[in-house]
Number of protein chains: 2
Amino acid sequence: MPSPLCHALLRNLDLFRPLSDAQLETALHGAAPCRLEAGALAYVQGAPGAHFFVLLQGFLKVSQVTPEGEQIIVRYVNPGDMFGLACAMGQTCYPATVQAVQESLCLAWPAAAWTPFTASHPQLGAIALQTMGHRLQDAHQRIQELSNDEVEQRVARTLLRLINQSGRPTHDGIDVGFPITRQDIAEMTGTTLHTVSRLLSDWKQRGIVASGRKRIVLRSPAALARLCEHTPPPMDCAACLSCRDGSPAMETSIPVLATH
Amino acid sequence: MPSPLCHALLRNLDLFRPLSDAQLETALHGAAPCRLEAGALAYVQGAPGAHFFVLLQGFLKVSQVTPEGEQIIVRYVNPGDMFGLACAMGQTCYPATVQAVQESLCLAWPAAAWTPFTASHPQLGAIALQTMGHRLQDAHQRIQELSNDEVEQRVARTLLRLINQSGRPTHDGIDVGFPITRQDIAEMTGTTLHTVSRLLSDWKQRGIVASGRKRIVLRSPAALARLCEHTPPPMDCAACLSCRDGSPAMETSIPVLATH
DNA sequence: CGCAACGTTGAAGCAGGTCAAAGGTTGTGG
DNA sequence: CCACAACCTTTGACCTGCTTCAACGTTGCG
């Protein structure tokens, strides 16, 4: 029984666009709209996974705390995304905490509605699996980066990803669409707020970003993308195509000295 | 049309045990057995995801290479596990390479068989989703460890996990059930083979493990588990219950000096 | 027997974590 | 409307866990 406002929002989501009116009706059975103020929690890690959700508007932060009390940010939820799928995956409890970083609006189904929900349109179940697949790939991507890349590259890539997913153009660049702190970025990249602050200061000086309290604006995506590439060649780099500029890599390979 | 041998193996797997004979018949439609010698590849990263699989016997290594050429190990596949589910997740290509670390036997279905496969028993689809959920949690666990833990803890936990999943008891401890190198462990934990070698040497001296070429035996799971805990308290640890032994944390809190 | 793959160990250097302290910005309550 | 508190950010100095580099020992296979 969502309001007409919700209906309009729903129709705009890729998730529901392919459904007929009748199918949408079925899919929405049992769904309740749910407003979250900035800072409010949708659910907390460890709570029974009694609902699954779709975010209609706003931004949510998904985080986990380790047994030692450290926190990491799993991802941000964008409008149109499903979340809280614990029940769909046969898990009894939510594995993470979800908090609104802005005033947000979502739709909540009771866990028991999952089967009828996926049955209402053959594609919905497949989309859920696809979503899981995507998240899994993202997670592995992140593991790769944590394993092999340096902090600067990780932070650069994370910022680019945020911009791509939720960025909004402003007068002097693309803004991350929601408030975010240095600490948040540190928790996304496995580093400390100090290191993030130092990096952003450096980038600000170089004109790559502008930033303030809880706000980051990307001014030069190209420059940031360049930072993501593998670190510059330490010495010669004959094997590396992208480093060749036409001249031989090592002067000593030219037999000039030999002719003396 | 798998052989009778396969049938016996299949009946032993948790995955297929709940199925009736008729359901098993349906589920197996289109499946072909497939033997892999040690070192042989089931498929390579980037290839079209034309099949999905179940491992019947042996052990497989799932790995990814980064654009820079670094390799990471995603996981090991144990008997009874499904793998190569790219097609189920709506992905056209395999995101990783799968290689047999021992002579192995698996069952392969063409991608098109996924729908009838899941339809043959209502639980099979749910199990696939659950499997994805598990993998996702494992991945996040690993991200947490890479973000917060030191190398020694990561290696210790990884070894415990290997032992739990595939370990086989031997005369002087539990053996990782398949050949594995220092480099492999390094690629699972985001470190270098040098550091892993140093750690294993240290543990060997302390009697926690025994190890040789491509072989690791865990002699004291308890000692290894102790290494996984958070690092020992640097100074006083009044707030930490597990560190208290009944005596006050700080001598200076006792007003002895004051009575002088 | 010799080569290739795997393992061990030392020494040196640095990326980035930790510790410490001060400066900005936002909101709130008197 | 101002002052204070809470929170966020910046910056410096130091220190260490790990990587890197280099060299050598060991195992097993063709």
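Heavy atoms only: backbone and side chains are in, while hydrogens, waters and symmetry mates are out. First the proteins, then the strands, lettered A, B, ... as listed; each starts at 1. Because the structure is a prediction, the values reported are computed rather than measured.
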**Atom pair distance, as rounded to whole Å: CD in A:Gln205 and P in D:dT10** = 11 Å
**Prompt:** Think A:Lys204 has a side-chain N or O under 4.0 angstrom from the OP1 or OP2 of D:dT10?
**Reply:** yes
**Request:** For the pair B:Val155 and B:Thr158, evaluate side-chain contact (heavy atoms from CB on, under 4.5 Å) and give the outcome as yes or no after the intermediate values.
**Result:** CA-CA 5 Å; B:Val155 175; B:Thr158 299; 5.6 Å; no
**Asked** With a 4.0 Å cut-off on heavy atoms, is B:Ser201 in touch with a base, just the backbone sugar-phosphate, or nothing at all?
**Response** sugar-phosphate
**Prompt:** Between A:Ile208 and A:Leu218, which heavy-atom pair has the shortest distance, and what is it?
**Reply:** O-CD1, 3.6 Å
**Request:** Please report the closest heavy-atom contact between A:Met82 and A:Val54, naming both atoms and the distance.
**Result:** CG-CG2, 3.9 Å
**Prompt:** Is any side-chain N of the basic residue among A:Arg215 and A:Asp175 closer than 4.0 Å to the acidic one's carboxylate O?
**Reply:** yes
**Prompt:** Which whole-number value in Å describes the distance from B:Arg154 CZ to D:dG17 C1'?
**Reply:** 11 Å
**Asked** Rounded to whole angstroms, how far apart are CG on B:Asp149 and C1' on D:dC18?
**Response** 15 Å
**Asked** After noting the C-alpha distance and the side-chain angles of A:Gln64 and B:Gln144, does the key distance pass the side chain to side chain donor-acceptor pair (under 3.5 Å) rule?
**Response** CA-CA 9 Å; A:Gln64 288 182 319; B:Gln144 276 190 7; 3.2 Å; yes
**Asked** Under the side chain to side chain contact (heavy atoms under 4.5 Å, CB included) test, which residues partner B:Ala50, sequence neighbours left out?
**Response** none
Please output the side-chain donor-acceptor pairs of residues 176-183 of chain B that fall under 3.5 Å, not counting sequence neighbours, one pair per line with the distance.
{"unit_1": "B:Thr181", "atom_1": "OG1", "unit_2": "B:Gln183", "atom_2": "N", "d": "3.3"}
{"unit_1": "B:Thr181", "atom_1": "OG1", "unit_2": "B:Asp184", "atom_2": "N", "d": "3.0"}
{"unit_1": "B:Thr181", "atom_1": "OG1", "unit_2": "B:Asp184", "atom_2": "OD2", "d": "3.2"}
{"unit_1": "B:Arg182", "atom_1": "NH2", "unit_2": "B:Ser211", "atom_2": "OG", "d": "3.1"}
{"unit_1": "B:Gln183", "atom_1": "NE2", "unit_2": "B:Glu187", "atom_2": "OE2", "d": "2.8"}

**Prompt:** Starting at CD of B:Glu150 and ending at P of D:dT19, how long is that distance when rounded to a whole Å?
**Reply:** 11 Å
**Prompt:** Which distance, rounded to the nearest 0.5 Å, do you find between the CG of A:Leu200 and the CG of A:Leu193?
**Reply:** 11.0 Å
Each nucleotide N or O in nucleotides 27-30 of chain D that has a protein N or O under 3.5 Å away: list the pair and distance.
{"unit_1": "D:dT27", "atom_1": "O2", "unit_2": "B:Arg213", "atom_2": "NH1", "d": "3.3"}

**Prompt:** Relative to each other, are the rings of B:Phe83 and B:Tyr43 parallel, tilted or perpendicular (30° and 60° limits)?
**Reply:** parallel
**Prompt:** Using 4.0 Å as the upper bound for N to carboxylate O, is an ion pair formed by B:Arg161 and B:Asp138?
**Reply:** no
**Prompt:** In terms of side-chain heavy atoms of B:His194, which of D:dT10, D:dC21, D:dT19 is nearest?
**Reply:** D:dC21
**Message:** When you measure from the side-chain N and O atoms of B:Thr192 to the phosphate of D:dT19, is any distance below 4.0 Å, counting only OP1 and OP2?
**Reply:** yes
**Request:** For the residue pair B:Gln141 and B:Glu145, confirm or rule out a side-chain donor-acceptor distance under 3.5 Å.
**Result:** yes
**Prompt:** Taking atom P of D:dC18 as reference, at what distance in whole Å does atom CG of B:Leu199 sit?
**Reply:** 8 Å
**Prompt:** Under 4.0 Å between a side-chain N/O of A:Arg182 and OP1 or OP2 of D:dT9, yes or no?
**Reply:** yes
**Prompt:** Does any pair with a residue in residues 195-210 of chain A pass salt bridge (Lys or Arg N to Asp or Glu O under 4.0 Å), and if so which ones, sequence neighbours excluded?
**Reply:** A:Glu152-A:Arg206, A:Asp202-A:Arg206
**Asked** Between the axis at one end of the helix from C:dC1-D:dG30 to C:dG30-D:dC1 and the axis at the other (five pairs apiece), what's the angle to 10 degrees?
**Response** 30°
**Prompt:** To the nearest angstrom, how far is A:Arg215 atom CZ from D:dT9 atom P?
**Reply:** 11 Å
**Request:** Please tell me which of A:Ser197 and B:Thr191 maps to the more 5' nucleotide of DNA chain D, matching each residue to the nucleotide holding its nearest heavy atom.
**Result:** A:Ser197
**Asked** What are the 5'-most and 3'-most nucleotides of DNA chain C lying under 4.0 Å from any heavy atom of chain B?
**Response** C:dA5 to C:dA11
**Prompt:** Closest nucleotide of DNA chain C for A:Val151 versus for B:Gln183: which of these residues is on the 5' side?
**Reply:** B:Gln183
**Item:** Check: B:Arg198 side chain, D:dT20 base, donor-acceptor under 3.5 Å
**Value:** yes
